Amino acid sequence: MRIAHGVSVRIAYVTESFPPDVNGVAHTAMRVAEHLVSRGHDPLIIAPEPASGVPCPDSSLDFPVVRVKSIAIPCYQELRVGLPGPRVRQALAEHGTELVHLAGPFVLGAFAASAAKKMNLPMVAVYATDMPAYARLYHAGRLGQTVAWGRLRKIHNAVDRTLAPSSATASELHAHGVERVWLWARGVDSVRFDPARRSAQLRAELAPDGQLLVGYVGRLAAEKRVELLADVARLPGVRLVIVGSGPAEAAARRALPTARFLGQRGGDDLAAIYASLDVFVHSGPHDTFGNTLQEAAASGLPVVAPAAGGPIDLVRDGQTGFLVEPGSAAAIASAVARLVADPALRAAQGRAGRQWMLGRTWPAMCDELIGHYEAALAAAGTLRAEASA
C-alpha cells in the first residue's frame, strides 16, 4: 500500500525525548515531524514535559505537541521519563491517529504501544537507545540488563515492524529475540554542516599556539567514556576540544585537565566548531547510531570511533576515518596520532566523508521512513481484512 500523493496521514510520534532536550532521539523527532509536515502529513508529538522553568519550543512549531507529566531519573537528573496516563490515549483519539511511531519506547512508549494496540492502530517502533547497556552501567548490573532486554522484547514484538539504526544493532536485536526488524538510518544536514564554515578566528582562539584541533561532541555521561580521550589530550601539538554537557562533566574535566570545554552548543555555532576542527573523535561504545559522527563527516573531518554499534556503519575504516578497538584509549590515540602526522591523509579522509554524507540527507532518510509507514499500514489493512472475513 502506497500513501497516495496528496493524501494526509495522521501519525502520532511518541518519543521518550524531545527538545529542549539535546540528544539524538530528540533531534530525530524534530526532523521527522518537520519532514512529515512538508510532505502534507499530520504529525502529533507526544513527549515528556521538561523540568520546571525550562522553556519549550512547542508554540513555535508547525505541528501539535502534547506533553505528559515526567520525573527525573535519580542518577541522571538531566534525563526525564514521561509517565503513563490517560492523556496518551486521549491525545491519540483527539488527533484521529492512523499510525503510531514509537521512538525509543521504554516507559512512555510502552504505555503508548498498549493504548495503540487496544485502539487497533498499526505501529512502527524505532530502537534508538541501548537501554540494556545503560541498565548495566547505571548500577543495575547483569540482572538489570536481562530485565531490560525482556521488556524491550515484549514492546518491540507487539509492533508491526522495528527499525534498527545500524546493522550491528539489528543483529543484536535478532539475537535477543526481537522479530520483524528492518534498518533505518538517520539523516544529516549537509548544508549546515559544511567545511566552508571553518573559522580561522575560532581556531586561533582554541589553539593560540597553532595546535591541531581534535574534537568530541556529545553528552558527557558515563556511557560516553570521554575519559578514554586522555591519551589524545597528551599528544604533542594537539589541543582536545570537548563540546557538550551532562552528569559526567565534572569527572570529564578531572580526567582531561588540558582540554578546552565549550559547553553545550548548537545551530551555526556548532557547525563552525565542527568545521574548525582537524579530527573528530568519539569514545562511547554503546551508541546505536551516532548523529555527531555524521555531522563531523559532513563538516569534512576524518572520524575516529570504536568499532562497535552505530560507528561500524558510519565510518569507512581507512577511507573516511578509523575504527578502533572499543574501550582502548591507546587505540584511539594511535589513530589520532596517525592523522595528526599526515595532513594529506586527513584531507583525503575528510573529503571522502563529506562526499558520502551528501547522499544521507534528512529528506532522503525521512522519505525512507515513510516507506516503512506505508508497509505497516498495508500490513494492518491486510490483518483487518482477514479478521473481518
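Throughout, numbering of the chain's residues begins at 1 and tracks the sequence. Every value quoted in this text rests on a predicted model; they were computed, and no experiment measured them.
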Interatomic distance, [X] atom [atom1] to [Y] atom [atom2] [nearest 0.5 angstrom]:
X     : Y      : atom1 : atom2 : answer
Ile45 : Asp58  : CD1   : CG    : 9.5 Å
Leu99 : Met123 : CG    : CE    : 9.5 Å
Phe18 : Met30  : CZ    : CE    : 4.0 Å
Arg10 : His95  : CZ    : NE2   : 5.5 Å

Flag, side chain of [X] to backbone of [Y], donor-acceptor distance under 3.5 Å:
X      : Y      : value
Ser299 : Glu295 : yes
Ser334 : Ala331 : no
Thr320 : Ala352 : no
Arg360 : Gly187 : no
Ser283 : Arg225 : yes
Glu179 : Asn157 : no
Asp194 : Ala196 : yes
Arg67  : Pro48  : yes
Arg180 : Val159 : yes

Check each of Asp189, Asp268, Asp269 against Arg197 using the salt bridge (Lys or Arg N to Asp or Glu O under 4.0 Å) test, and report the only one that passes. Asp268
Which residue, Arg161, Glu98, His101, His41, forms the side chain to side chain donor-acceptor pair (under 3.5 Å) with Tyr373? His101
What orientation do [X] and [Y] show, parallel under 30°, tilted 30 to 60°, or perpendicular over 60°?
X      : Y      : value
His176 : Trp149 : parallel
Phe193 : Tyr274 : perpendicular
Trp362 : His27  : perpendicular

Transitively linked via ILVMFWY side-chain contacts under 4.5 Å: [X] with [Y]?
X      : Y      : result
Val214 : Leu220 : yes
Ile46  : Val100 : yes
Val9   : Val126 : yes
Phe261 : Leu229 : yes

Could you go through Ser167 and Asp313, starting from their C-alpha distance and side-chain angles, then the distance that decides it, and tell me whether this counts as side-chain hydrogen bond (donor to acceptor under 3.5 Å, both in side chains)? CA-CA 7 Å; Ser167 55; Asp313 290 353; 2.7 Å; yes
Salt bridge or not for Arg203 and Asp278, using N-O below 4.0 Å? yes
Please determine whether a side-chain nitrogen of the Lys or Arg among Asp367 and Arg39 lies less than 4.0 Å from a carboxylate oxygen of the Asp or Glu. yes
List in chain and number order the residues that pass side chain to side chain contact (heavy atoms under 4.5 Å, CB included) with Leu206, two or more places apart in sequence or in another chain; answer none if no residue qualifies. Leu202, Leu213, Val241, Arg260, Leu262
Ignoring hydrogens and angles, state whether a donor on the side chain of Arg186 or Gln294 is under 3.5 Å from an acceptor on the partner side chain. no
Are there more than 12 heavy atoms of other residues, nucleotides or ligands under 6.0 Å from atom CD of Gln355? no
Determine, stepwise, if the pair Val217 / His282 fulfils side chain to side chain contact (heavy atoms under 4.5 Å, CB included). CA-CA 8 Å; Val217 178; His282 188 74; over 6 Å; no
